[in-house]
2 protein chains.
Amino acid sequence: MVAVMCSRKGRPRSAEADSAILEATRAALGELGWSKLTMGEVATRAGVAKTTLYRRWPAKSELVVDAVAVLFDELELPDRGSLAADVEGVVIQFAALLERPETKTALMAVVAESTRDEALRARIRTSIVDRQKRLVLLGRERAQTRGELPREPDTAKAARTADLIFDVIAGAVVHRTLVSAEPVDEEWARTFTALLLGGLASVQS
Amino acid sequence: MVAVMCSRKGRPRSAEADSAILEATRAALGELGWSKLTMGEVATRAGVAKTTLYRRWPAKSELVVDAVAVLFDELELPDRGSLAADVEGVVIQFAALLERPETKTALMAVVAESTRDEALRARIRTSIVDRQKRLVLLGRERAQTRGELPREPDTAKAARTADLIFDVIAGAVVHRTLVSAEPVDEEWARTFTALLLGGLASVQS
DNA sequence: CCGCTTTCGCTACGACCCGTAGCGTAACTT
DNA sequence: AAGTTACGCTACGGGTCGTAGCGAAAGCGG
């Protein structure tokens, strides 16, 4: 959402229109895909004038980022008792999210667009990426509390390791799902988690 | 690159036009990005009529796949003496390839498009993905010859492990480069390789 | 209650790109 | 030489883009 701060006079923007637009965007994205998704189509579905759309989002890509971002808030990290179980759980969850047609088509297209648009990349980072990275930090914290992982005194090194883990988990799941186009089932999640945690032990030492 | 075989009469298609089109596509892709890349622009740059383009490629996405595919042939796996060195080398190489503006924007956009187009996905698989997977198989073969990895008698399990490794390597590098937008330098490659090989040991057992 | 400000829906518009059809010409096969 | 196919060129209807202008509606200030 665009933070509108210095406008306290006049007619306020309709919050219903906002949610209707984002909802319509997700629906149209799932049915039509990225390339056939047009601003006019979204406006019609939302019951809103096309100009209203352009008053809030300058481009299709930014609209889609906002529309899809909320879906990533569904990702949770329930305590399953062990680090391995936690990782397996989030892998399955993330894969399920990527199976949905809205997200699978949107995520790649938006990242592709962001290679030429620094502002869009920043938006993706704050709206989507950082929300996932939070899970990595939480999972590590829990594992350290359980005594499964040692506490790393070097803050910079700890941050680098967290980034590495994040890239490996998210990257592998995305690649498996969207490029290899093969399912992320229980078995794959278990094997992958074993690989990750086993490797983590050798990096830590 | 459509394999036309059953036409032995009449004027043959110009091979120069083919290479000019693919070259023009790569150049335009690097300068304009995916969304602003038009068929007319490519035709103009290649010095070719727009209709000639459509006679060979039905859509922009398929053209781009063919244009970018040859770049992935640059990937090599020189024998660096150890499995770790081989992996580090291919990681650096792959990351360097993804740094090029033609490839970084093309790969994501094409994958995004492929979520709605099964034929395109197949084309990506044969033109790009399988050519990379080949490197994984070669690297494992070498490591087994060196005695660094045990030979897996179970063929199915060996294939699953190879797929897993492939998804982890390619996924992590892509995610690091395009989503996290941070550099894949020597240090990252070294740490990542340690993670991968260390984990591989625990999976094998 | 009434002006002020901003947003809303609507229409229209030029610009661009799409993908195709038709034509005459060029190139290669037999 | 005859046949067949690819080529460049032009033109076209259809669609989307992003913007401008309008009058009406909705909240805020007095």
Side-chain angles (χ1 to χ4, degrees), chain A residues 1-25 28-29 31-64 66 105 109-110 113 116-117 119-120, chain B residues 1-25 28-29 31-64 66 105 109-110 113 116-117 119-120:
Chain A
M1 307 302 176
V2 186
V4 180
M5 39 210 76
C6 4
S7 71
R8 307 186 59 227
K9 294 188 295 186
R11 175 178 180 176
R13 287 191 172 173
S14 164
E16 297 171 4
D18 262 329
S19 53
I21 290 170
L22 295 177
E23 174 63 34
T25 303
L29 201 54
E31 294 177 23
L32 306 173
W34 168 267
S35 59
K36 294 187 178 178
L37 178 73
T38 70
M39 299 292 261
E41 174 72 18
V42 172
T44 304
R45 289 188 185 225
V48 155
K50 196 173 60 166
T51 46
T52 301
L53 261 172
Y54 282 105
R55 286 193 191 100
R56 309 183 182 200
W57 290 277
K60 186 171 76 168
S61 48
E62 313 228 350
L63 167 62
V64 168
D66 285 354
T105 186
V110 163
E113 214 67 23
R116 296 244 137 217
D117 187 340
L120 180 60
Chain B
M1 297 302 182
V2 187
V4 180
M5 39 211 70
C6 356
S7 70
R8 308 189 57 227
K9 295 188 298 185
R11 176 177 176 176
R13 287 193 172 170
S14 163
E16 297 171 3
D18 262 328
S19 53
I21 290 170
L22 294 178
E23 174 63 35
T25 303
L29 200 54
E31 293 176 24
L32 306 175
W34 169 266
S35 59
K36 295 186 178 178
L37 178 74
T38 69
M39 298 292 262
E41 174 73 18
V42 173
T44 304
R45 289 189 185 224
V48 155
K50 197 173 56 166
T51 46
T52 301
L53 262 172
Y54 282 104
R55 286 191 191 101
R56 309 182 183 200
W57 289 278
K60 186 171 78 168
S61 47
E62 313 228 351
L63 167 62
V64 169
D66 286 354
T105 187
V110 162
E113 213 68 23
R116 298 243 137 218
D117 187 341
L120 179 61

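Computed from heavy atoms alone, side chains included, the values below leave out hydrogens, waters and symmetry copies. Quick note on labels: first sequence line is chain A, next is B, and so on, each numbered from 1.
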*Side-chain touch B:Arg116/A:Trp34, heavy atoms, less than 4.5 angstrom*: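 B:Arg116 vs A:Trp34: side chains apart.
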*Is the shortest heavy-atom distance from the side chain of A:Asp66 to the side chain of A:Thr25 under 4.5 Å?*
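The answer is no; the side chains never approach within 4.5 Å.
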*Between B:Thr51 and D:dC9, does any side-chain N or O lie under 4.0 Å from OP1 or OP2?*
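Answer no for this pair, as no side-chain N or O of B:Thr51 is under 4.0 Å from OP1 or OP2.
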*B:Arg13 side chain near D:dA6 phosphate (N/O to OP1/OP2, under 4.0 Å)*: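 Answer yes for this pair, as a side-chain N or O of B:Arg13 is under 4.0 Å from OP1 or OP2.
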_With hydrogens left out and only the distance checked, is there a donor-acceptor pair under 3.5 Å joining B:Lys50's side chain and the base of D:dG8?_
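Side chain to base: no pair below 3.5 Å.
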_Rounded distance in Å - CG (A:Asp18) to P (C:dT7)_ =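 From A:Asp18 CG to C:dT7 P: 12 Å.
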*asked:* Using heavy-atom distances to pick each residue's nearest nucleotide on DNA chain C, tell me which of B:Lys60 and B:Arg55 is more 5'.
replied: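 Result of the comparison: B:Lys60.
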Minimum-distance nucleotide (side-chain atoms of [X] versus [options]):
X	options	value
B:Lys9	D:dT4, C:dC17, C:dG9	D:dT4
B:Pro12	C:dT20, C:dC28, D:dG8	C:dC28
A:Arg11	D:dA25, D:dG8, C:dA26	D:dA25
B:Thr52	C:dA26, D:dG8, C:dG9	D:dG8
B:Tyr54	D:dA6, D:dC9, C:dC18	C:dC18

*Mind checking the CG-CD spacing from B:Asp18 to B:Glu23? Nearest 0.5 Å is all I need.*
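B:Asp18 atom CG to B:Glu23 atom CD measures 13.0 Å (nearest 0.5 Å).
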*Identify, between B:Gly47 and A:Gly10, the residue whose nearest nucleotide on DNA chain D lies closer to the 5' end.*
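The residue mapped nearer the 5' terminus is B:Gly47.
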